[in-house]
A.B. asks: 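Take a look at the following structure, please.
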Amino acid sequence: MRYKEYKIYTGGILENTQQEINDLIKRRYEELDELKAMNIETFAYKFDVDSYSTEIKSDFEKYEQKDVAVAGRLMAIRKMGKASFVQMQDTKGRIQAYIRKDDVGEDVYKAFKLMDIGDIVGVKGYVFKTKMGEISVHAKELVLLSKSLRPIPIAKEVVDANGNKKVFDQFSDIELRYRQRYVDLIVNPEIKDVFAKRSLIVRELRNFLDGRGYMEVETPVLQQMYGGANAKPFVTHHNALDIPFFLRIADELYLKRLIVGGFDGVYEIAKDFRNEGMDKTHSPEFTMMELYVAYKDYEWMMNTVEEMVEHVCMKVFGTTKFNIEGTEIDFKGPWQRVSMVDSIKEKSGVDIVTASIDELKTELKKHHVKLEGNENRGQLIDELFEAVVEADLVQPTFLYDYPIEISPLAKKHKDKEGLVERFEGFVMGREICNAFSELNDPIDQRERLEAQSRNKEAGDEEAQQVDEDYLRAMEYGLPPTAGLGIGIDRLVMLLTNQSSIRDVVLFPHMKPETK
RNA sequence: GGGCGCGUAGCUCAGUGGUAGAGCAUCUGCCUUUUAAGCAGAGGGUCGGUGGUUCGAGACCACCCGCGCUCACCA
């Protein structure tokens, strides 16, 4: 790691400190001392902002010669002796301020000379346009709001006549950008848009669901019994009860308990945790939206997903058409619908309804799929689907009717043996949602969970547990119910055209920094 | 976990075995409408870490740490 530790003596504030330090940081601490010696407040309490950079620039006629109060981080300082220009970056963008000794006063200008790129300042003054045509604030007052004690990895940028921004020496080290996202956000402000879009996407999901009358609820993160998905959990310990707790891997079983309890439509948008590997599409904690609606089935849910995604696209982006990694994708419904049986038959010629285990294995071998040897029929079919079909599901597509073995919480198909009423939505070859007609027969459910439990004993670490309380709830009566799960991170990845989950998560997990 | 690649100044990067470099940033001086401001000068390094090869290692070898891509695993 590039993290360094020094112990230095400056005779000042840094005496006997133990922290990352270099000449640039040392210099800033010295400036801090000098400013304090001048009775300058180096960390202020408040500043009343009344205007923002982009608004002043986009509505110049209204602001011209008017007094404004702006605040932001100094991103460029151009000193020309007794007058200077600075670029201030506020939450919306950047604006130039003109600092003239004659206007702000000798003392303030002297203090200004001790300010650095990265410092947060407030400026009060009037709006004008320079000789070169740049809309600026002519400062009458300049105050330091927060002294920055670390050099920020500043890049210079130039905007050409066409409005295209070119950045020089951009802060681009991926590791540092993730580890110090706060710096990334300062110096690469365009990424803020991805997170703003994420926020809007979640808001519009809520608006859609609330508009349908479904109730948002909160269910336990800490669970004595985990379930609702096949995954390895995180384990923690509750001291007072002296028992282990699992961090939830899904909301499903609690939400369906609420359907039992008489809520007809409930949803939750929350973090799930799975103790598995991390890569471009997997994060150990991720955000899931789950929705359960009583008296509906999976076909109804397909329509709902189409409407929901279309709603989000239109509200947030104003269109259903997206260019994702160079491919034109249209989320407008109706989406293509194809059964797993038909899609595999079309791509490989294999009829998974009649094929024997050996035939499935032979076909998988043709596609170079490595098997452990103990896969059941459903798992083999799923493998075959992933090998021959999944990557080709580019435009939004519902794939429906899954093998029963890999769907222990889904209702048996009303007339197709060995299958359940389940679908997943795919875009760009990636799964974006998973849904089914919920299994509401407690006797069937017990058999399925016990089969899972046997798998677990046979070594399947991700098999589900037999949740007796959930089975008890089901015995009281779960109405026919349609359920849905959407991975929010992956949906945001698609809609914002980001190829890594880490680029839609503000603080992605990293291995510890070593000193 | 396997394979490939990367790690040099605050940032972005050169440096193919012989005195550690550039641009920006920083510091000093000049400069009252500049804008990748300019001009003149200066400082700044455990070359990710530990061993090894060599007269000599930033470079070569081994191991370790971190990051990326990819495969495996996996929602």
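Chain naming here is simple, since letters A, B, ... match the order of the sequence lines and numbering starts at 1 in each.
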A.B. asks: Look through every strand shown and name the nucleotide pairing with B:U54 as Watson-Crick or G-U wobble, where both distances are under 3.5 Å.
C.D. replies: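 When the pairing criteria are applied, nothing turns out to pair with B:U54, so the answer is none.
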
A.B. asks: Return the pairing partner of B:C13 with a 3.5 Å limit on both distances, Watson-Crick or G-U wobble; otherwise return none.
C.D. replies: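 Across all strands, the one nucleotide that pairs with B:C13 is B:G21.
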
A.B. asks: Whole Å only: how far is the NZ atom of A:Lys26 from the P atom of B:G10?
C.D. replies: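 About 14 Å, once rounded to whole Å.
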
A.B. asks: Could you give the CZ-to-C1' distance, from A:Phe171 to B:C11, as a whole number of Å?
C.D. replies: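 Spelled out: CZ on A:Phe171 to C1' on B:C11 is 8 Å.
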
A.B. asks: Ignoring the backbone of A:Leu24, work out which of B:U34, B:U32, B:G10 is nearest its side chain.
C.D. replies: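 Nearest listed nucleotide: B:G10.
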
A.B. asks: Please report the distance separating the C1' of B:C11 from the corresponding atom of B:G45, rounded so that it comes out in whole Å.
C.D. replies: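 Rounded to whole Å, the distance is 15 Å.
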
A.B. asks: Is it the case that the side chain of A:Arg422 and the backbone of A:Ile406 share a donor-acceptor pair, with hydrogens and angles ignored and the cut-off at 3.5 Å?
C.D. replies: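 A pair under 3.5 Å: yes.
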
A.B. asks: How close or far is atom C1' of B:G45 from atom CG of A:Asn22, stated in whole angstroms?
C.D. replies: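 A:Asn22 atom CG is separated from B:G45 atom C1' by 11 Å.
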
A.B. asks: Does the aromatic ring of A:Phe85 sit over the six-membered base ring of B:A37, closer than 5.5 Å centre to centre and tilted less than 30°?
C.D. replies: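 Not stacked: fails the 5.5 Å / 30° test.
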
A.B. asks: Distance check: side-chain N/O of A:Lys156 vs OP1/OP2 of B:A25, anything under 4.0 Å?
C.D. replies: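 Result: yes.
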
A.B. asks: Considering only atom P, compute the distance from B:A9 to B:A22 and round it to an integer number of Å.
C.D. replies: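 It works out to 14 Å between them.
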
A.B. asks: For A:Tyr298 together with A:Phe436, are the ring centres under 6.0 Å from each other?
C.D. replies: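 For A:Phe436 and A:Tyr298, the ring centres are not under 6.0 Å apart.
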
A.B. asks: Just wondering, more than 12 heavy atoms not from A:Glu64 lying within 6.0 Å of its CD?
C.D. replies: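 Correct, the count exceeds 12.
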
A.B. asks: Just call it for A:Lys280: base, sugar-phosphate, or nothing, with non-hydrogen atoms closer than 4.0 Å on any strand.
C.D. replies: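 Sugar-phosphate only.
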
A.B. asks: Write down the distance separating the P atoms in B:C67 and B:G52, rounded off to the nearest Å.
C.D. replies: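 To the nearest whole Å, 28 Å.
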
A.B. asks: Is the centre of the A:Phe60 ring less than 6.0 Å from the centre of the A:Tyr63 ring?
C.D. replies: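 No: the rings miss the under 6.0 Å criterion.
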
A.B. asks: Describe the nucleic acid contact of A:Asp272 in one word from base, sugar-phosphate, nothing, applying a heavy-atom distance below 4.0 Å.
C.D. replies: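 The residue A:Asp272 makes no contact with any strand.
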
A.B. asks: Please report the distance separating the C1' of B:C60 from the corresponding atom of B:G15, rounded so that it comes out in whole Å.
C.D. replies: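 So the two C1' atoms sit 16 Å from each other.
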
A.B. asks: Report yes or no: is there a donor-acceptor pair, N or O only, under 3.5 Å between the side chain of A:Ser172 and the base of B:U12?
C.D. replies: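 A donor-acceptor contact between them is absent.
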
A.B. asks: What's the closest nucleotide to the side chain of A:Glu31 if the choices are B:C74, B:C27, B:C67?
C.D. replies: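 Looking only at heavy atoms from C-beta outward on A:Glu31, the closest nucleotide is B:C27.
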
A.B. asks: Could you tell me how far B:A59 sits from B:G7 if I compare only their C1' atoms? Round to whole Å.
C.D. replies: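 Nearest-Å result for B:G7 against B:A59 at atom C1': 14 Å.
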
A.B. asks: Roughly how far apart are A:Gln180 CD and A:Asp173 CG, rounded to 0.5 Å?
C.D. replies: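 CG of A:Asp173 is found 9.5 Å from CD of A:Gln180.
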
A.B. asks: I want to know whether A:Phe246 and A:Tyr226 have ring centres closer than 6.0 Å.
C.D. replies: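 Yes, they do, as the ring centres are separated by less than 6.0 Å.
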
A.B. asks: What integer distance in Å separates A:Leu32:CG from B:U26:P?
C.D. replies: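 After rounding, the gap between these two atoms is 18 Å.
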
A.B. asks: Look through every strand shown and name the nucleotide pairing with B:G7 as Watson-Crick or G-U wobble, where both distances are under 3.5 Å.
C.D. replies: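 Its partner is B:C65 (Watson-Crick or G-U wobble, both distances under 3.5 Å).
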
A.B. asks: Using a cut-off of less than 4.0 Å, is there contact between a side-chain N or O of A:Arg502 and OP1 or OP2 of B:C67?
C.D. replies: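 It does not, given that no N or O in the side chain of A:Arg502 lies less than 4.0 Å from OP1 or OP2 of B:C67.
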
A.B. asks: On RNA chain B, check which nucleotide each of A:Met115 and A:Gly133 is closest to and give me the residue with the more 5' one.
C.D. replies: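 So the residue in question is A:Met115.
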
A.B. asks: Would you mind reading off the distance between A:Asp119 atom CG and B:G10 atom P, rounded to a whole angstrom?
C.D. replies: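 So the CG-P distance, A:Asp119 to B:G10, works out to 19 Å.
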
A.B. asks: Nearest heavy atom decides the nucleotide; on that basis, is A:Ile152 or A:Lys511 closer to the 5' end of RNA chain B?
C.D. replies: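 Checking each residue's closest nucleotide, the 5'-ward one belongs to A:Ile152.
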
A.B. asks: Under 4.0 Å, counting only non-hydrogen atoms across every strand here, what does A:Met288 touch: a base, just sugar-phosphate, or nothing?
C.D. replies: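 The residue A:Met288 makes no contact with any strand.
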
A.B. asks: Could you tell me whether the side chain of A:Asp169 has a donor or acceptor atom within less than 3.5 Å of a complementary atom in the base of B:G23?
C.D. replies: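 Such a pair is found, so the answer is yes.
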
A.B. asks: Using the P atom on both, measure B:G23 against B:C65 and round to a whole Å.
C.D. replies: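 After rounding to an integer number of Å, I get 38 Å for this pair.
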
A.B. asks: Given B:U34, is OP1 or OP2 found less than 4.0 Å from the side-chain N or O atoms of A:Arg78?
C.D. replies: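 The answer is no; no side-chain N or O of A:Arg78 sits under 4.0 Å from OP1 or OP2.
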
A.B. asks: Write down the distance separating the P atoms in B:G48 and B:G58, rounded off to the nearest Å.
C.D. replies: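 The answer is 10 Å between these two P atoms.
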
A.B. asks: What interatomic distance, in whole Å, is found between P of B:G51 and the corresponding atom of B:C13?
C.D. replies: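 Those two atoms are separated by 30 Å.
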
A.B. asks: Taking only side-chain nitrogens and oxygens of A:Arg27, does any of them come within less than 4.0 Å of OP1 or OP2 of B:G43?
C.D. replies: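 No, outside the criterion.
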
A.B. asks: Please give, in whole Å, the distance from B:U70 C1' to A:Met278 CE?
C.D. replies: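 It is 17 Å, rounded to the nearest whole Å.
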
A.B. asks: Once you apply a heavy-atom cut-off of 4.0 Å, does A:Glu461 come out as touching a base, just sugar-phosphate, or nothing?
C.D. replies: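 Contact class for A:Glu461: none.
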
A.B. asks: Tell which nucleotide pairs with B:C39, taking only Watson-Crick or G-U wobble pairs whose two distances are both under 3.5 angstrom.
C.D. replies: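 When the pairing criteria are applied, B:G29 turns out to be the nucleotide that pairs with B:C39.
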
A.B. asks: Among B:C31, B:C73, B:C67, which is the nearest nucleotide to the side chain of A:Asp279?
C.D. replies: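 Among B:C31, B:C73, B:C67, the one nearest the side chain of A:Asp279 is B:C73.
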
A.B. asks: Do A:Lys156 and A:Phe168 meet the cation-pi criteria used here (NZ or CZ under 6.0 Å from the six-membered ring centre, within 45° of the axis)?
C.D. replies: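 A:Lys156 over A:Phe168 ring: no.
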
A.B. asks: Under 6.0 Å between ring centres: does that hold for A:Tyr292 and A:Tyr254?
C.D. replies: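 No; A:Tyr254 has its ring centre 6.0 Å or more from that of A:Tyr292.
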
A.B. asks: Can you tell me which nucleotide in B:A36, B:U34, B:A25 comes closest to the side chain of A:Gln96?
C.D. replies: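 In terms of side-chain proximity for A:Gln96, the closest of B:A36, B:U34, B:A25 is B:U34.
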
A.B. asks: Under a 3.5 Å limit for both distances, which nucleotide forms a Watson-Crick or G-U wobble pair with B:U46, could you say?
C.D. replies: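 By the stated definition (distances under 3.5 Å), nothing pairs with B:U46.
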
A.B. asks: Nearest whole Å is fine: how far is B:G10 C1' from A:Gln180 CD?
C.D. replies: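 After rounding, the gap between these two atoms is 11 Å.
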
A.B. asks: Over all strands shown, is A:Ser84 touching base, sugar-phosphate only, or nothing at heavy-atom distances under 4.0 angstrom?
C.D. replies: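 The answer is nothing, as A:Ser84 stays clear of every strand by at least 4.0 Å.
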
A.B. asks: Just compare B:C11, B:U32, B:U33 and give me whichever is closest to any side-chain atom of A:Thr130.
C.D. replies: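 Closest of the options to the side chain of A:Thr130: B:U33.
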
A.B. asks: Assess whether one donor atom and one acceptor atom, taken from the side chain of A:Glu134 and the base of B:U34, lie less than 3.5 Å apart.
C.D. replies: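 It does not, because no donor-acceptor pair links the side chain of A:Glu134 to the base of B:U34 below 3.5 Å.
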
A.B. asks: Roughly how far, to the nearest 0.5 Å, is CG of A:Asp272 from CE of A:Met288?
C.D. replies: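 Spacing of CE (A:Met288) from CG (A:Asp272) equals 5.0 Å.
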
A.B. asks: Between atom CZ in A:Arg490 and atom C1' in B:C74, what is the gap in whole Å?
C.D. replies: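 Interatomic distance, CZ of A:Arg490 to C1' of B:C74: 9 Å.
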
A.B. asks: Could you check which of B:U33, B:C11, B:U35 has an atom nearest any side-chain atom of A:Phe128?
C.D. replies: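 Between B:U33, B:C11, B:U35, the one nearest the side chain of A:Phe128 would be B:U33.
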
A.B. asks: Any N or O donor-acceptor pair under 3.5 Å from the base of B:U26 to the side chain of A:Asp23?
C.D. replies: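 Check fails, no donor-acceptor contact within cut-off.
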
A.B. asks: Under 4.0 Å between any heavy atoms, over every strand shown, what does A:Glu462 touch: base, sugar-phosphate, or nothing? Just pick one.
C.D. replies: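 Contact class for A:Glu462: sugar-phosphate only.
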
